[in-house]
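In listed order, ligands and their atoms are each counted from 1. Residue numbers start at 1 and run along the sequence shown. This is a predicted model, so every value here is computed, not measured.
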Amino acid sequence: MTTDFAATKRQFLLPEGVIYLDGNSLGPLPRGVAERLQTTVADEWGQMLIRGWNTAGWMDMPARVGNRIARLVGAEPGSVVMGDTLSIKVYQALASALELVPGRRVILSDTGNFPSDLYIADGLVRTLGDGHALKTVAPEAVEDAIDGSVGVVMVTEVDYRTGRRHDMARLAAKAHAHGALLVWDLAHSAGAFPVHLARDGADFAVGCTYKYLNSGPGGPAFIYVAPRHQDAARPALSGWLGHEVPFAFDLDYRPGAGIERMRVGTPPILQLAALDAALDVWAGVDLDDLRARALALQDRFIAAVEAACPMLTLATPRDHGQRGSQVSFRHAEGYAIMQALIAEGVIGDFRAPDILRFGITPLYIDEGDIDRAAAILARIMTTGSWDQPQFKARARVT
Ligand SMILES: Cc1ncc(COP(=O)(O)O)c(C=O)c1O
């Protein structure tokens, strides 16, 4: 292992006394971000004003930062661009992909997909009004459900509740053999483990940056289009910054070259600057090291919790090949248990109906954190201290 994980941990500002096991939902603050934001705000926005679009390179940021993400997800240079939120990029990728398979009207997804992806697909089907249908099957049944009627397979690689992971190369082979395209949601993959979009035959992919890439709340999403599709893909959301020459202000839309056409409107420069600084953390990180360490820490957590808390049921697959970078347990009172844990400084989150989620992120979580978190959870479960009214009142965000 060449990665120095003690050094990466020092690059994060974590509150004293907190063990942060929720980087799968919102990554913590890397030290370099506040300084970078200060520079962008004071020196660039403050002093350059509108000149910043050229002078500070703001207009090039979506593609420049996209290339930094491309390296983390195994994508070809020039195939990733930043912008908008993930839900919007799901729409754009799905609509673009569907157009590339004329005559095919089925979008295949799974019941473990994130609701926003399914809602977006359902909304698109209604907008198209052309006999399209969204078909959802159990995550384990996706491969067998791919047949000649399917136009696009749209799946999130790692299930946000259980942490179960699809086999990207396998699904791509099956989909392509049947003439279908694949849209991957990498929300729980990018920065979580090595992803090989190009090697594993992805057609389109989208992802957010506020989870394992630590860009901060509301950080911009990314979209990947395989080079073989870029010139044929109509961006579906044809905004002016995806135009071939935005500042010609033509009345007719002509898509820009390559991945640039997937841009829509004005990019969020402050959030892109935060992301750009957050990506510096990855400089000395080998993603295979990250994966090996994440699995070891997950196994350590699972073993400790299962030994002390028989009332919790593991929801995450035991098979390493089928795991993302989170560990989930089920319990009917999962919400209250998680609130009791958070009150003791161990921050994870809860997903209805009964899932306690723990993000295992080696950039800033080590063995000591895992052992302390498991011990606190064991104490809460054996004493029943979670069973108090203040832990049962549901907040807006769980
Ligand atoms: C897998 C997945 N897809 C889509 C979304 C929605 O992302 P956004 O709220 O940024 O549009 C999320 C949010 O957590 C997610 O986990």
Side-chain angles (χ1 to χ4, degrees), residues 21-28 62 65-66 69 73 80-95 97 107-124 134 136 139 142 152-166 168 171 182-193 195 197 202 204-224 236-237 262 264-265 267-268 271-272 274-275 278 315-316 323-328 347-352 355 357-361 396-398:
L21 302 180
D22 213 3
N24 54 311
S25 205
L26 174 70
V65 177
I69 304 274
V73 294
V80 174
V81 75
M82 312 303 302
D84 316 298
T85 68
L86 177 51
S87 301
I88 289 173
K89 279 346 214 184
V90 167
Y91 178 92
Q92 202 180 17
L94 183 59
I107 300 164
L108 177 66
S109 191
D110 69 62
T111 51
N113 204 347
F114 192 75
S116 196
D117 298 35
L118 300 176
Y119 302 159
I120 290 280
D122 178 64
L124 177 61
L134 169 64
T136 48
V142 170
V152 176
V153 181
M154 179 198 74
V155 274
T156 296
E157 187 184 11
V158 177
D159 188 309
Y160 74 105
R161 275 188 297 223
T162 63
R164 179 191 180 279
R165 180 178 173 183
H166 281 295
M168 192 179 265
L171 286 190
L182 267 149
V183 174
W184 287 104
D185 181 336
L186 302 180
H188 302 268
S189 310
F193 47 77
V195 177
L197 286 177
F204 290 77
V206 292
C208 59
T209 58
Y210 46 75
K211 300 182 190 290
Y212 293 93
L213 297 172
N214 314 303
S215 69
F222 65 88
I223 184 166
Y224 163 84
L237 294 168
M262 292 295 166
V264 181
Q271 302 249 234
L272 275 169
L275 170 60
T316 302
R323 271 195 221 161
S325 208
Q326 74 186 56
V327 170
S328 303
I347 302 183
D349 63 18
F350 170 77
R351 286 296 173 262
I355 294 272
R357 293 196 309 183
F358 301 94
I360 310 295
T361 47
R396 187 163 178 190
V397 176
T398 65

**Request:** Would you check if the side chain of T316 reaches a backbone N or O of S328 as a donor-acceptor pair within less than 3.5 Å?
**Result:** yes
**Request:** Could you please provide the protein residues found below 4.0 Å of ligand 1 on a heavy-atom basis, arranged by chain and number?
**Result:** T85, L86, S87, F114, D117, T156, D185, A187, H188, Y210, K211
**Fill in**
Scanning both residues in full, the closest heavy-atom pair of Q326 with T162 reads NE2-C, 4.0 Å
**Request:** Look at the aromatic rings of H188 and Y160 and report parallel, tilted or perpendicular, splitting at 30° and 60°.
**Result:** tilted
**Asked** Got a second to check how far L94's CG is from L124's CG, nearest 0.5 Å?
**Response** 5.0 Å
**Asked** Once you round to the nearest 0.5 Å, how far does CG of D349 lie from CG of L26?
**Response** 10.0 Å
**Asked** Taking atom CD of Q271 and atom OG1 of T209, what is their separation to the nearest 0.5 Å?
**Response** 8.0 Å
